[in-house]
Asker: 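Supplied in structure tokens, the structure appears directly below.
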Amino acid sequence: YGYVVNPLFQAVAQVNQAVRGARDQLREIERALTQEPQLRQQHRQMEQQVDHLRDVILAEEELPVVIERLTTVAGQTGVKLQLITPQRPLVSATETKPSSSAPLCTEIPIQLDALTGFHQLGAFLSRVEQGEQPIQLRSLRISENPKLLRRHVVKMTLVAYMMPSRKAA
């Protein structure tokens with residue numbers, strides 16, 4: 001009994017355990033298959049969002065367009081730009097893969113020095129934010145202007161998010 005039946009019971013227990021594992025895997029596969037249409041829909045929506053962002057985000061070569069837009073908005077809102085300087089692009093942390101060296105977008109800091117009042121500054125930042133091109137206010141420093149009490153010296157850094165240069169790609 002000990003030499004024949006015990007090994008058979010052990011083999012049956014191992015087979016039962018393997019069957020339970022296979023059933024669990026089958027349930028997981030069935031669950032994934034039932035979620036497939038939802039996952040496909042989410043995938044299509046994400047592709048549409050990426051396509052929209054590709055249309056909205058300009059390439060690095062189009063940085064003059066961004067600077068021209070900032071200049072235009074400053075003129076419309078009464079912000080007197082004294083200096084507008086794009087700086088060296090920073091590589092964004094958003095990459096296609098962790099091991100990949102090609103970023104999805106680059107951050108280009110733009111230093112602005114201006115004379116403006118608080119209301120004009122608020123209108124300027126509001127219009128920049130409402131624009132299609134993604135731009136973020138990175139830093140803002142406001143100091144008094146001893147010559148004009150209602151105009152302040154403003155130094156700010158805006159970051160424009162742009163597609164990597166086609167030359168580098």
Side-chain angles (χ1 to χ4, degrees), residues 28 31-169:
E28 289 296 319
R31 192 174 308 135
L33 286 174
T34 59
Q35 292 177 348
E36 185 210 9
Q38 295 166 343
L39 293 174
R40 286 190 186 274
Q41 178 65 24
Q42 287 176 350
H43 184 262
R44 279 191 293 275
Q45 289 173 346
M46 290 177 126
E47 281 181 336
Q48 289 172 351
Q49 289 175 344
V50 167
D51 289 342
H52 173 70
L53 288 175
R54 284 193 177 132
D55 291 341
V56 170
I57 298 176
L58 301 175
E60 280 183 32
E61 293 86 14
E62 298 177 272
L63 182 61
V65 173
V66 174
I67 292 173
E68 181 180 336
R69 181 174 183 284
L70 290 173
T71 304
T72 302
V73 170
Q76 291 170 348
T77 57
V79 173
K80 183 179 177 189
L81 290 178
Q82 295 178 320
L83 180 69
I84 184 166
T85 311
Q87 299 171 356
R88 220 176 241 173
L90 302 172
V91 176
S92 176
T94 310
E95 293 189 356
T96 53
K97 297 177 186 172
S99 62
S100 173
S101 62
L104 289 176
C105 67
T106 56
E107 297 177 351
I108 300 181
I110 302 171
Q111 179 68 40
L112 287 135
D113 293 350
L115 283 175
T116 185
F118 287 121
H119 294 288
Q120 291 85 7
L121 177 61
F124 172 77
L125 292 175
S126 176
R127 285 198 185 172
V128 167
E129 182 182 88
Q130 290 172 1
E132 288 242 342
Q133 176 69 26
I135 296 177
Q136 176 186 18
L137 178 64
R138 177 70 47 93
S139 68
L140 176 65
R141 196 176 99 213
I142 302 172
S143 54
E144 73 174 320
N145 183 358
K147 295 177 184 174
L148 300 168
L149 295 177
R150 294 192 180 267
R151 292 282 211 183
H152 307 286
V153 176
V154 175
K155 294 183 182 285
M156 69 178 102
T157 303
L158 300 174
V159 176
Y161 294 92
M162 308 195 80
M163 297 296 284
S165 175
R166 289 182 179 90
K167 295 174 189 171

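All residue numbers in this chain count up from 1 along the given sequence. When reading the values below, keep in mind they use all heavy atoms of this one structure, side chains included, and skip hydrogens, waters and symmetry mates. Keep in mind the model is a prediction, meaning the values are calculated, not measured.
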Asker: State which residues pass side-chain hydrogen bond (donor to acceptor under 3.5 Å, both in side chains) with K155; sequence neighbours excluded, sorted by chain then number.
Answerer: D113
Asker: Which pair of non-hydrogen atoms, one from A114 and one from L81, has the smallest distance, and what is that distance?
Answerer: CB-CD2, 4.0 Å
Asker: Which residue pairs pass the side chain to side chain donor-acceptor pair (under 3.5 Å) test when at least one of the two sits in residues 31-40, sequence neighbours left out?
Answerer: E28-R31, E36-R40
Asker: With sequence neighbours left out, write down each residue that passes side chain to side chain contact (heavy atoms under 4.5 Å, CB included) with L33, or none if nothing qualifies.
Answerer: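 So L33 forms a side chain to side chain contact (heavy atoms under 4.5 Å, CB included) with I29.
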Asker: How about T116 and R151: do any of their side-chain heavy atoms sit closer than 4.5 Å?
Answerer: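 Side chain of T116 against side chain of R151, heavy atoms only: contact under 4.5 Å found.
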Asker: Residues in side-chain hydrogen bond (donor to acceptor under 3.5 Å, both in side chains) with S126, at least two apart?
Answerer: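 Once residues adjacent in sequence are excluded, the partners of S126 under the side-chain hydrogen bond (donor to acceptor under 3.5 Å, both in side chains) criterion are Q130.
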Asker: To the nearest 0.5 Å, tell me how far L112 CG sits from Q82 CD.
Answerer: 11.0 Å
Asker: Do any pairs count as a ring pair (Phe, Tyr, Trp, His ring centres under 6.0 Å) and have a residue in residues 116-154, sequence neighbours left out, and if so which ones?
Answerer: F118-H152
Asker: Under 3.5 Å, which donor-acceptor pairs do the side chains of residues 70-77 form with other protein atoms, sequence neighbours left out?
Answerer:
from : atom 1 : to   : atom 2 : distance (Å)
T71  : OG1    : I67  : O      : 2.9
T72  : OG1    : E68  : O      : 2.9
Q76  : OE1    : R127 : NH1    : 3.0
T77  : OG1    : V73  : O      : 2.9
T77  : OG1    : A74  : O      : 3.3

Asker: Please list, chain by chain and in numerical order, all residues satisfying side chain to side chain contact (heavy atoms under 4.5 Å, CB included) with V65, sequence neighbours excluded.
Answerer: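 V65: side chain to side chain contact (heavy atoms under 4.5 Å, CB included) contacts with L58, E62.
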Asker: When you measure from the side chain of Q133 to the backbone of Y161, do you find a donor-acceptor pair of N or O atoms at a distance under 3.5 Å?
Answerer: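 Side chain of Q133 to backbone of Y161, a donor-acceptor pair under 3.5 Å: yes, one is there.
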Asker: Measure across P109 and E107 and return the closest heavy-atom pair with its distance rounded to 0.1 Å.
Answerer: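 Shortest heavy-atom separation between P109 and E107 comes out as CD-O, 3.5 Å.
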Asker: Taking only residues two or more places apart in sequence, or in another chain, which ones meet L140 in a side chain to side chain contact (heavy atoms under 4.5 Å, CB included)?
Answerer: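 Residues passing side chain to side chain contact (heavy atoms under 4.5 Å, CB included) with L140: L121, L137, I142, V154, M156.
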Asker: Enumerate, atom names and distances included, each donor-acceptor pair closer than 3.5 Å involving a side-chain atom of residues 41-49, sequence neighbours excluded.
Answerer:
from : atom 1 : to  : atom 2 : distance (Å)
Q41  : OE1    : R44 : NH2    : 3.0

